[in-house]
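Inspection log for the structure reproduced underneath, given as structure tokens.
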2 protein chains.
Amino acid sequence: MGVVWERPEPSRRHRPALDRAMIVAAAGALADAGGLDAVTLRGVAARLDVLPMRLYRHLDSWDDLLDLLADAACGEIELPDPPSGDWRDRLRALAAATVAVARRHPWYVPLLGSRPPYGPNGLAYQEWLFAALDRPGLAPDTLMHAANAFLGYLVGQLHLELLRVPAGATAHVPPEEQLRYLARAVGDGRHPALARLFAQGRQLDAVEAFDAGLEIVLDGIAGKLG
Amino acid sequence: MGVVWERPEPSRRHRPALDRAMIVAAAGALADAGGLDAVTLRGVAARLDVLPMRLYRHLDSWDDLLDLLADAACGEIELPDPPSGDWRDRLRALAAATVAVARRHPWYVPLLGSRPPYGPNGLAYQEWLFAALDRPGLAPDTLMHAANAFLGYLVGQLHLELLRVPAGATAHVPPEEQLRYLARAVGDGRHPALARLFAQGRQLDAVEAFDAGLEIVLDGIAGKLG
DNA sequence: ACCCACGAGATACAGTGTATCGGAATTGAT
DNA sequence: ATCAATTCCGATACACTGTATCTCGTGGGT
């Protein structure tokens, strides 16, 4: 146990108070640096210069941290206040604010699709969305369906976007080889439609694809809202 | 090391040949039983009555198994051959076949959103989708945007669906308490739109929500396809 | 001034995916 | 048919996860 003299002074009690916000901030920083895999209990604790088990004083479990992290990212989404324009403009603004955060924090995307959006920021987000679509006399079902289509597209497209850019986030397979494989696989004669597109050589730009899809969804919603 | 006599006879060589298909099948069975978390290298090996490291003869890494699993699930999606009806009918059929598999194998949803869809079945799926939308004279960009909107909605909505049904898949929080929390949180006066919907008491049915959203997206696509 | 209870600290455990290494079994060649 | 070579199985070990538990030093209440 060591002798008294060389034991560090118990200057505790003045330690930085360590609250949930600090923990989430540390986790977010780790995620920004190394992706979701990089955020680990011991990692967060180390970044806060604290022993791992101390985090359990503020978290019930690891999943709690993911929920907090997701809601924190959601809180970074800038909801225009007051909302302006017609519902199309408002939804466009909401989508833009959301993708901005998702592209800044790619780790937010899997969380967005896997954690219940019931934190304070998640609720505020939903409130804003429903308020943006609602209008006197609108049938509740129509409202929910429109909001759902919007959210569904948003979440899915963000996932797809993430799948495209590294073109194989799984391993250290160089994107170039991935392309060669695709060319080979698609050119086997049994994928004429894909081969045609592939021959076109037109790479699908992420932001263009997102915007075009969004307009499609908005058009569809417009059909229901009248 | 034990004596020779009590060492089991080396009757090997007649062992079941253990190929990728068996491994994927075992993994799928585990996932069906206990979710994606239940499929683990040692678990799969145990189910095949094989030592864990033997799987590495057929897999380069753990991620490989997830890719194989995703593509296997994708292969379960029944693509009507030949495709029939107009493009709307075809896309509806494709969506229906996809959700059928996703609801049968909930573990497929996260894979769908996180693994590149470039396996043989994934490519076949995409080929079918593009072929279903394509027509002579259609601009390639329009084709891609339509397919993208469709896929984006599909992937996202399936994720949302998964988020709704357990209403908190994260922990053993009883759905009832989750509801009580929501009622409290939404009724704080700062969420009037949500509160209104909540008061309506109308629960969002999964299949109804999916179908309604799909029609919205299809309407939007129709606007682009003319 | 005493006691008690709370929280920090360390260690330990059951898991995960993966690397490595010795030896057995199968294959190919002489 | 015998020997050499190669393949691949079996086991152990490692680094890493999240988490439980147990022991104290410490601070605050009476």
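The chains referred to below are lettered A, B, ... by the order of the sequence lines, with proteins before strands, and numbering in each begins at 1.
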Protein-nucleotide distance (B:Arg42, atom CZ; C:dA19, atom C1'), rounded to Å:
12 Å
Is any side-chain nitrogen or oxygen of A:Arg54 closer than 4.0 Å to OP1 or OP2 of C:dA8?
yes
Between B:Tyr125 and B:Thr98, is any side-chain donor less than 3.5 angstrom from a side-chain acceptor?
yes
Separation of atom CG in B:Leu51 from atom C1' in C:dA24, rounded to whole Å
14 Å
Check: B:Phe210 ring centre within less than 6.0 Å of B:Tyr153 ring centre:
yes
From CZ of A:Arg57 over to P of C:dC6, roughly how many Å is that when rounded to an integer?
11 Å
Would you mind reading off the distance between B:Leu18 atom CG and D:dG10 atom P, rounded to a whole angstrom?
11 Å
Show the numbers, then the answer: is there a salt bridge (charged side-chain N to carboxylate O under 4.0 Å, His left out) between A:Arg115 and A:Asp63?
CA-CA 9 Å; A:Arg115 321 304 305 189; A:Asp63 276 3; 3.7 Å; yes
Closest of D:dA20, C:dG9, D:dG18 to the A:Tyr56 side chain is D:dG18
Kindly compute the distance separating CG (B:Leu41) from CE (B:Met53), expressed to the nearest 0.5 Å.
8.0 Å
Rounded off to whole Å, could you give me the CG-to-P distance for the B:Leu36 and C:dT16 pair?
14 Å
Taking the side chain of A:Thr40 as heavy atoms from C-beta outward, which of C:dG17, C:dG7, D:dG18 is closest to it?
D:dG18
Nearest to the side chain of A:Leu41 - C:dA10, D:dG10, D:dT19?
D:dT19
Whole angstrom is fine here: how far is it from CG in A:Asp64 over to P in D:dG18?
13 Å
Rounded to the nearest Å, what distance is computed from the CG atom of residue B:Asp37 to the C1' atom of nucleotide C:dA14?
16 Å
In whole angstroms, how far is the C1' atom of C:dG7 from the CE atom of A:Met53?
12 Å
